[in-house]
Number of protein chains: 2
Amino acid sequence: MGSAKTEIFNQQQNEIASLAKVLAHPARVAILQYLFKTNACVCGDIVDEIGLAQATISQHLKELKQVGLIKGNVEGTSVCYCIHPENWKKMKSLLHEFLDLDLAQNSCCS
Amino acid sequence: MGSAKTEIFNQQQNEIASLAKVLAHPARVAILQYLFKTNACVCGDIVDEIGLAQATISQHLKELKQVGLIKGNVEGTSVCYCIHPENWKKMKSLLHEFLDLDLAQNSCCS
DNA sequence: TATATTAATCGTACTTTTACGATTAATAAG
DNA sequence: CTTATTAATCGTAAAAGTACGATTAATATA
């Protein structure tokens with residue numbers, strides 16, 4: 001039905017999925033990398049850096065902001081974006097916890 | 001248009017997005033966690049463990065198999081699944097590389 | 001005040017994802 | 001050979017995601 005049955009999963013599973021979902025588009029990955037690279041906050045340069053329409057970038061920025069990975073400051077007519085350090089760290093630890101699950105020494109599927 | 005403009009992004013960005021996309025559903029997160037937990041490979045138990053229809057689970061398993069995170073062995077009338085250790089490690093290092101980008105000591109957005 | 005600039009939002013078209021019942025294919029058991 | 005079991009695939013409905021032009025809102029400048 002196009003929408004996941006989140007009720008049947010626990011909070012951690014849904015959180016991991018939500019965070020992964022926001023990383024599941026190359027444009028958003030590129031935006032985050034660009035924000036890390038420029039360090040100083042950036043606004044509409046993102047539109048120039050990435051080759052997508054202004055409306056599309058704005059939409060992606062909204063999603064990144066909604067999960068809390070970035071924050072934006074209004075500066076005159078433009079808006080300055082940057083990584084949200086605390087929330088980035090939270091995401092990191094949540095994903096690390098999942099990614100670092102122990103691999104079985106022997107798997108039955110050879 | 002529903003499909004991402006992958007041409008305008010580099011390979012790393014597209015790979016990160018692809019891997020994130022497969023983790024972007026709680027059912028697939030739950031399946032992976034269950035495979036880690038059971039260690040020994042599992043087949044249709046996954047359908048019982050998670051409360052989704054057999055066809056839906058089969059679809060999710062297909063996606064996990066397509067990105068290489070799991071593999072399946074036919075055993076009689078049932079199929080045994082497990083984590084693909086090498087590919088899991090590859091995904092881990094790719095995502096770690098991205099997640100561990102350095103945070104700026106001072107961000108201009110206060 | 002009028003005009004320019006910047007970014008968010010609206011409306012829309014199209015694609016992909018999610019979910020499930022029904023069917024099919026393959027193997028095991030009688 | 002027939003029947004049961006298991007899982008993949010098909011078909012389909014509904015929801016969500018992607019992208020962009022056009023519009024709107026807010027601020028800066030002349």
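In what follows, chains carry the letters A, B, and so on, assigned in the order in which the sequence lines appear, proteins first and then strands, with residues in each chain numbered from 1. All values reported here derive from a predicted model rather than from experimental measurement.
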Query raised in the report: Between A:Y81 and C:dT6, is there a side-chain N or O to OP1/OP2 distance below 4.0 Å?
Result: no
Requested in this report: Taking A:R28 for its side chain and B:A17 for its backbone only, find out whether a donor-acceptor pair lies under 3.5 Å.
Outcome: no
Query raised in the report: Is there a donor N/O on one and an acceptor N/O on the other, under 3.5 Å, for the side chain of B:Q59 and the base of D:dA8?
Result: no
Query raised in the report: For B:H25 and C:dT18, what is the distance between atoms NE2 and P respectively, to the nearest whole Å?
Result: 5 Å
Report task. Report the residue from B:I8, B:L19, B:T6 that forms a side chain to side chain contact (heavy atoms under 4.5 Å, CB included) with B:N14. Result -> B:T6
Report summary line: The answer to which of B:L61 and A:A24 contacts DNA chain D further toward the 5' end, by nearest nucleotide, is B:L61
Report task. Mind calculating the distance between CD (B:E75) and C1' (D:dA8) to the nearest angstrom? Result -> 17 Å
Query raised in the report: Quick one: which of D:dA7, D:dA22, C:dT18 gets closest to the side chain of B:V79?
Result: D:dA7
Query raised in the report: Within the structure, does a side-chain N or O atom of A:S58 lie under 4.0 Å from either OP1 or OP2 of C:dA8?
Result: yes
Query raised in the report: Of the nucleotides D:dA16, C:dA8, D:dA8, which has the atom closest to the B:K65 side chain?
Result: D:dA8
Report task. Could you pick out which residue, A:A53 or A:K21, lies toward the 5' side of DNA chain D when each is mapped onto its nearest nucleotide? Result -> A:K21
Report summary line: Of A:S78 and A:A4, the one whose nearest nucleotide on DNA chain C sits closer to the 5' end is A:S78
Report task. Counting heavy atoms from C-beta on, name the nucleotide in C:dT16, D:dT27, D:dA7 closest to the side chain of A:T77. Result -> D:dT27
Report task. Look at all strands and tell whether B:A55 reaches a base, only sugar-phosphate, or nothing, counting heavy atoms closer than 4.0 Å. Result -> base
Report task. Check every strand shown and say whether A:I57 touches a base, only sugar-phosphate, or nothing at a heavy-atom separation below 4.0 Å. Result -> nothing
Query raised in the report: Where the side chain of B:S58 meets the backbone of B:Q54, is there a donor-acceptor pair that is under 3.5 Å apart?
Result: no
Query - Geometric class of the A:F36/A:W88 ring pair [parallel <30°, tilted 30-60°, perpendicular >60°] - result: perpendicular
